[in-house]
Q: 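Pasting a structure here, questions to come.
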Number of protein chains: 2
Amino acid sequence: MRQNPARRAALVDAAIEVLAREGARGLTFRAVDSEAKVPNGTASNYFTNRDDLLTQAGARVYERWQPDASAFAEVVEGPRDRAHLTALMREMVGRLTDFPAGYLALIELRLEATRRPELRAVLTRRIRADLDANIGFHLESGMPGDATTVVLLYMALNWLILERLTLPDIFPGSQVDDLVADAVERILTPDAPVREA
Amino acid sequence: MRQNPARRAALVDAAIEVLAREGARGLTFRAVDSEAKVPNGTASNYFTNRDDLLTQAGARVYERWQPDASAFAEVVEGPRDRAHLTALMREMVGRLTDFPAGYLALIELRLEATRRPELRAVLTRRIRADLDANIGFHLESGMPGDATTVVLLYMALNWLILERLTLPDIFPGSQVDDLVADAVERILTPDAPVREA
DNA sequence: ACCGTAGTACTACATCCAGAGTGGTGTCAA
DNA sequence: TTGACACCACTCTGGATGTAGTACTACGGT
């Protein structure tokens with residue numbers, strides 16, 4: 001088992017690309033080798049089996065999605081109103097969409113999880129934790145909306161991203177910002193402070 | 001090219017199962033043969049190539065999702081209020097979820113569409129038409145809500161189904177009906193919403 | 001400065017398996 | 001009898017795996 005961390009990271013990133021491009025079934029050691037531009041047989045030396053590679057790839061996608069400092073500051077410092085929430089959601093949709101290979105790889109992993117209980121357990125824990133963190137942070141920060149708001153936004157916007165990445169012509173790109181605004185506006189309605197008489 | 005329609009249909013249905021279970025990459029003629037319990041080489045005689053099989057499988061899923069007569073009558077005859085819309089949406093979510101192989105196969109096809117422009121075109125047309133039909137029918141029938149309502153419900157509920165089918169422990173099954181009700185309640189704004197900039 | 005060692009990069013091989021396509025034969029019904 | 005189909009068998013091909021073996025590099029000890 002080789003240890004070189006730079007090479008290992010390169011292989012994991014390559015695995016994400018392969019997952020997105022070739023599908024879960026196409027994720028072979030050889031394909032990862034080619035993608036990472038290292039000689040055949042290298043990935044075999046770094047990962048004990050496919051499951052190992054799959055779970056590490058999934059974890060890496062989340063790492064690479066961490067908001068950077070400026071985006072994080074915007075959340076903490078911005079006002080607690082609907083318009084700002086819309087802006088945040090747009091930022092999030094943009095951030096996820098801007099790493100399409102990562103998003104598609106995660107969808108592939110979901111489908112693969114259908115067949116591999118262990119992977120399913122790992123993914124479930126990861127995604128549930130992420131969702132709970134979002135809910136917790138949302139409530140704590142005093143943003144408008146309750147836990148249900150966060151869950152419904154999670155559902156709607158995730159599908160929006162999936163739609164954009166797989167069948168981009170269903171919703172034209174120009175419509176995305178409006179859809180996010182609509183989603184926030186409506187899903188927030190019961191708690192919304194606004195509506196003047 | 002063999003013509004026997006019963007056999008052809010059996011092969012297409014088998015292809016859906018294979019797609020869901022093994023993924024797009026696992027959809028081989030041989031795998032379809034095994035799934036349909038016919039001798040090796042049979043699928044080769046019925047489909048010219050994989051694309052042929054893929055597109056036919058996609059079309060077949062939609063056929064099998066057509067609401068039956070009783071469900072359709074319920075839509076036409078029921079009242080035009082929020083509670084009834086909730087019931088309809090629950091019925092729809094249940095109907096799609098009850099054919100998990102079909103749903104997962106469509107997701108596989110979406111991912112495969114990423115790689116095959118022709119398949120992408122076919123799927124886009126099909127799904128866009130379906131969505132437009134839903135919108136048209138919704139408006140025509142006098143249901144509460146506008147086109148945006150339909151689109152947002154489409155997004156949120158689709159993700160809900162995907163979540164249930166791939167990582168069922170994220171949302172417990174007992175919560176699904178509540179989530180649908182929440183989605184309808186919030187997305188269906190009672191009054192005309194005020195769009196923010 | 002020299003050498004030995006450890007870790008890694010790279011190559012090459014032996015093996016294995018699954019899929020494709022197709023030719024040929026058997027079967028049934030019009 | 002003929003034609004369409006079911007079934008079986010065979011070959012060819014490609015890709016994947018894992019590992020043995022060699023080469024390279026860095027580093028520590030003397």
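Each chain gets a letter, A, B and so on, in the order the sequences are listed, and its residues count up from 1. Because the structure is a prediction, the values reported are computed rather than measured.
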Q: Return the value, rounded to whole Å, for the distance between atom CG of A/Asp33 and atom P of C/dA12.
A: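 Atom-to-atom, A/Asp33 to C/dA12, this comes out as 15 Å.
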Q: Drop me the distance from B/Asn49's CG to B/Phe47's CZ, to the nearest 0.5 angstrom.
A: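 It is 10.5 Å, given to the nearest 0.5 Å.
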Q: Measure from CZ on A/Arg25 to C1' on C/dC17 and round the result to the nearest Å.
A: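 So the two atoms are 12 Å apart, to the nearest Å.
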Q: Ignoring hydrogens and angles, does a donor from either the side chain of A/Arg2 or the base of C/dA9 sit under 3.5 Å from an acceptor on the other?
A: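 Flag set: donor-acceptor pair detected.
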Q: For A/Glu22 and B/Arg115: C-alpha separation, side-chain torsions, deciding distance, then whether side-chain contact (heavy atoms from CB on, under 4.5 Å) applies.
A: CA-CA 8 Å; A/Glu22 312 282 346; B/Arg115 302 147 209 153; 5.8 Å; no
Q: Can you find a pair of side-chain heavy atoms, one from A/Glu74 and one from A/His84, that are under 4.5 Å apart?
A: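 Touching, per the 4.5 Å side-chain cut-off.
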Q: Counting side-chain heavy atoms from C-beta on, which of D/dA6, C/dA9, C/dG21 comes nearest to A/Asn4?
A: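 Given the options D/dA6, C/dA9, C/dG21, the side chain of A/Asn4 is closest to C/dA9.
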Q: Rounded to whole angstroms, how far apart are CZ on B/Phe29 and P on C/dG19?
A: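 B/Phe29 atom CZ is separated from C/dG19 atom P by 12 Å.
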Q: Using heavy atoms to find the nearest nucleotide of DNA chain C for B/Leu27 and A/Asn40 separately, return the residue whose nucleotide is more 5′.
A: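 On the 5' side of the pair lies A/Asn40.
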Q: Return the value, rounded to whole Å, for the distance between atom CG of B/Asn49 and atom C1' of C/dA20.
A: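 These atoms are roughly 13 Å apart.
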Q: Could you check how far CZ of A/Arg8 sits from C1' of C/dT8, rounded to whole Å?
A: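 Checked: the CZ to C1' distance equals 13 Å.
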Q: Starting from the 5' end of DNA chain D, give me the residue, A/Asn45 or B/Gln3, whose nearest nucleotide shows up first.
A: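 Its nucleotide being nearer the 5' end, the pick is B/Gln3.
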Q: Nearest to the side chain of A/Ser44, heavy atoms from C-beta on, is which of D/dG18, C/dT11, C/dG19?
A: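 Output: D/dG18.
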Q: To the side chain of A/Arg30, which of C/dA20, C/dC10, D/dG18 is closest?
A: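 The answer is D/dG18, which lies nearest to the side chain.
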Q: Any chance CD of A/Glu118 has more than 12 other-residue heavy atoms, nucleotides or ligands included, within less than 6.0 Å?
A: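 No.
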Q: Whole Å only: how far is the CG atom of B/Asp52 from the P atom of C/dG21?
A: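 My rounded result for the distance is 12 Å.
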Q: Starting at atom CE of A/Met1, determine the distance to atom C1' of C/dA6, rounded to an integer number of angstrom.
A: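 So the CE-C1' distance, A/Met1 to C/dA6, works out to 17 Å.
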Q: Between A/Tyr46 and C/dA9, does any side-chain N or O lie under 4.0 Å from OP1 or OP2?
A: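 Yes, within the criterion.
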Q: So for B/Arg7 and D/dA6, does any side-chain atom that can act as donor or acceptor lie under 3.5 Å from a complementary atom in the base?
A: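 No, the side chain and the base share no sub-3.5 Å donor-acceptor pair.
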Q: Think A/Thr28 has a side-chain N or O under 4.0 angstrom from the OP1 or OP2 of D/dA16?
A: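 Answer yes for this pair, as a side-chain N or O of A/Thr28 is under 4.0 Å from OP1 or OP2.
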Q: Does the side chain of B/Leu167 come within less than 4.5 Å of A/Arg128's, by heavy atoms?
A: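 No, every pair of side-chain atoms sits at 4.5 Å or beyond.
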Q: Between C1' on D/dA6 and NZ on B/Lys37, what's the gap in Å once rounded to a whole number?
A: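 B/Lys37 atom NZ is separated from D/dA6 atom C1' by 18 Å.
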